Amino acid sequence: MSSRVQDAHRPGPDARPRAGVAAPLPASSHPVLGIALLLLSMCVLSTLDASGKWVMAAGVPMLLLSWVRYAAHLVVALGLIVPVRGWRILASRRPREQMLRGGAMLCATLFFFTSLSHLPQAEATAINFLAPLIVLLLAPWVLREPPRLSRWAAAGVAFLGVIIVIRPGGGLDPAGTMFGLAGALCFSVQYIASRRVAADDPLTSIIWSGGVGTVVLSFALPYAIPAGLPALRELDPLHWFVLASTGLTGCVGHLLQIAAYRKAAASTLAPFSYLQIVSSTATGWLIWGQFPDALTWLGIAIICGSGITIGVLEWRRAQRRATGPAASKG
């Protein structure tokens, strides 16, 4: 998952998985187009996850895959964004927080790719959708937001759904499950860190995400390449193409998310973000013939239902705050 889960149903530059939060994007009145762009981003990011799982199965080391994913992401981001916005788009008002966010995103990616090497894509994605609800659960302490029973209840219900997905006897690899849960925790840290860079342009965060991951993983290349050379020599052109495409799909998927949140309000798009589990399930079924059983679907439905419900409650609460002063004046 490449940071595509939206931060507690708010817009962000990465999301996530496969979609963190940046400065609120002005939403125009094109909800249908926004929904279409969000759905397209989910398909693109699910393709990224499937590509990573496929090349790892061919023997590509996870660290090398991650380096290609981030380096290609950085090249694509610079190639698409800088010609339009100029080099000033690289400047961050909070570079330290950007590095913290990029580090959390990198850790989440490493854990998620490791989880994908052990688990079916649908189950790995479902576990990661616990991350936005972890943020809601911790919001009173880490974000100084008022405690709300509804948030804690939603997080508890979602965790129940995850327990059903990873239940004993469900056939999931315990190591993959643990890596998936660790990835969800890292994604939640990334989302919280994203609040610290809210003043930056979302496109700045996309570039910094690729840059931090590329720099850090470059130090691992001397160890990853020798270990992976035997497998790399056996790769055919299709595998090399799919490996190189991971950065493109990651960057383009995030750009599509930004475009979606510029066309429609976050409250409109939030329920549709959970359809990424469906796109991941379809990808896993088409490529590997892996399809969740009935109990796993129940757990996925509980996770999605909890997230959608708290999203609607938060939207209504925001609407009351926005209309309250106006109503009192009237």
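Index from 1, following the sequence. Remember, predicted model here, so these are calculated numbers, not experimental data.
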**OP:** Please answer: with hydrophobic residues joined when any side-chain heavy atoms are less than 4.5 Å apart, are Leu229 and Met56 in the same cluster?
**Re:**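 Yes, Leu229 connects to Met56 through the hydrophobic network.
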Original post:
Under a single-linkage definition using a 4.5 Å side-chain heavy-atom cutoff for Ile, Leu, Val, Met, Phe, Trp and Tyr, are Ile300 and Leu160 assigned to the same hydrophobic cluster?
Top reply: no
**OP:** Please list all pairs passing the ring-ring contact (aromatic ring centres under 6.0 Å, His included) test where one or both residues lie in residues 215-240, with sequence neighbours left out.
**Re:** Trp54-His239
Distance-minimising heavy-atom pair for [X] and [Y]:
X: Thr281; Y: Ile277; answer: OG1-O, 2.7 Å
X: Leu243; Y: Val68; answer: O-CG1, 3.4 Å
X: Leu63; Y: Ala220; answer: CD1-CB, 4.1 Å
X: Leu48; Y: Gly250; answer: CD2-CA, 3.8 Å
X: Val162; Y: Leu181; answer: CG1-CD2, 4.0 Å
X: Leu221; Y: Pro226; answer: O-CD, 3.8 Å

Look at the side chain of [X] and the backbone N and O of [Y], then say whether any donor-acceptor pair between them is shorter than 3.5 Å.
X: Thr249; Y: Val44; result: no
X: Gln121; Y: Trp288; result: no
X: Ser46; Y: Cys43; result: no
X: Thr214; Y: Tyr70; result: yes
X: Ser306; Y: Ile302; result: no
X: Trp208; Y: Leu90; result: yes
X: Lys53; Y: Pro120; result: no
X: Ser115; Y: Gly176; result: yes

Subject >> Side-chain donor-acceptor pair present, Asp200, Ser205, cut-off under 3.5 Å >> reply: no
Let me confirm one number: the [atom1]-[atom2] distance from [X] to [Y], rounded to the nearest 0.5 Å.
X: Leu116; Y: Ser280; atom1: CG; atom2: OG; value: 8.5 Å
X: Ser245; Y: Phe241; atom1: OG; atom2: CZ; value: 5.5 Å
X: Arg196; Y: Leu100; atom1: CZ; atom2: CG; value: 9.0 Å
X: Phe187; Y: Ile192; atom1: CZ; atom2: CD1; value: 14.0 Å
X: Leu37; Y: Ile258; atom1: CG; atom2: CD1; value: 12.0 Å
X: Leu298; Y: Ile164; atom1: CG; atom2: CD1; value: 4.5 Å

Original post:
Can you name the residues that form a side-chain hydrogen bond (donor to acceptor under 3.5 Å, both in side chains) with Trp297, not counting sequence neighbours?
Top reply: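 None.
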Subject >> Sub-4.5 Å side-chain heavy-atom contact between Thr204 and Val197 >> reply: no
**OP:** Would you mind reporting whether Thr177 and Glu123 have side-chain heavy atoms less than 4.5 Å apart?
**Re:** no
**OP:** Verify the neighbour count for atom CE of Met178: are there more than 12 heavy atoms of other residues, nucleotides or ligands below 6.0 Å?
**Re:**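 No, the 6.0 Å shell around CE holds no more than 12 heavy atoms from other groups.
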**OP:** List in chain and number order the residues that pass salt bridge (charged side-chain N to carboxylate O under 4.0 Å, His left out) with Arg94, two or more places apart in sequence or in another chain; answer none if no residue qualifies.
**Re:**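 For Arg94 there are no salt bridge (charged side-chain N to carboxylate O under 4.0 Å, His left out) partners, ignoring immediate neighbours.
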Subject >> salt bridge (charged side-chain N to carboxylate O under 4.0 Å, His left out) against Asp293, all qualifying residues, sequence neighbours excluded >> reply: Arg167
Original post:
Considering residues at least two apart in sequence or located in another chain, which fulfil the side chain to side chain contact (heavy atoms under 4.5 Å, CB included) criterion with Leu248?
Top reply: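 Expected list: Val76, Val252.
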Original post:
Does Phe111 sit in a hydrophobic cluster with other residues, and if so which ones, taking ILVMFWY side chains as linked at heavy-atom separations under 4.5 Å, directly or through other members?
Top reply: Phe179
**OP:** Walk me through it: do Gln98 and Val212 pass the test side-chain contact (heavy atoms from CB on, under 4.5 Å)?
**Re:** CA-CA 9 Å; Gln98 282 285 8; Val212 171; over 6 Å; no
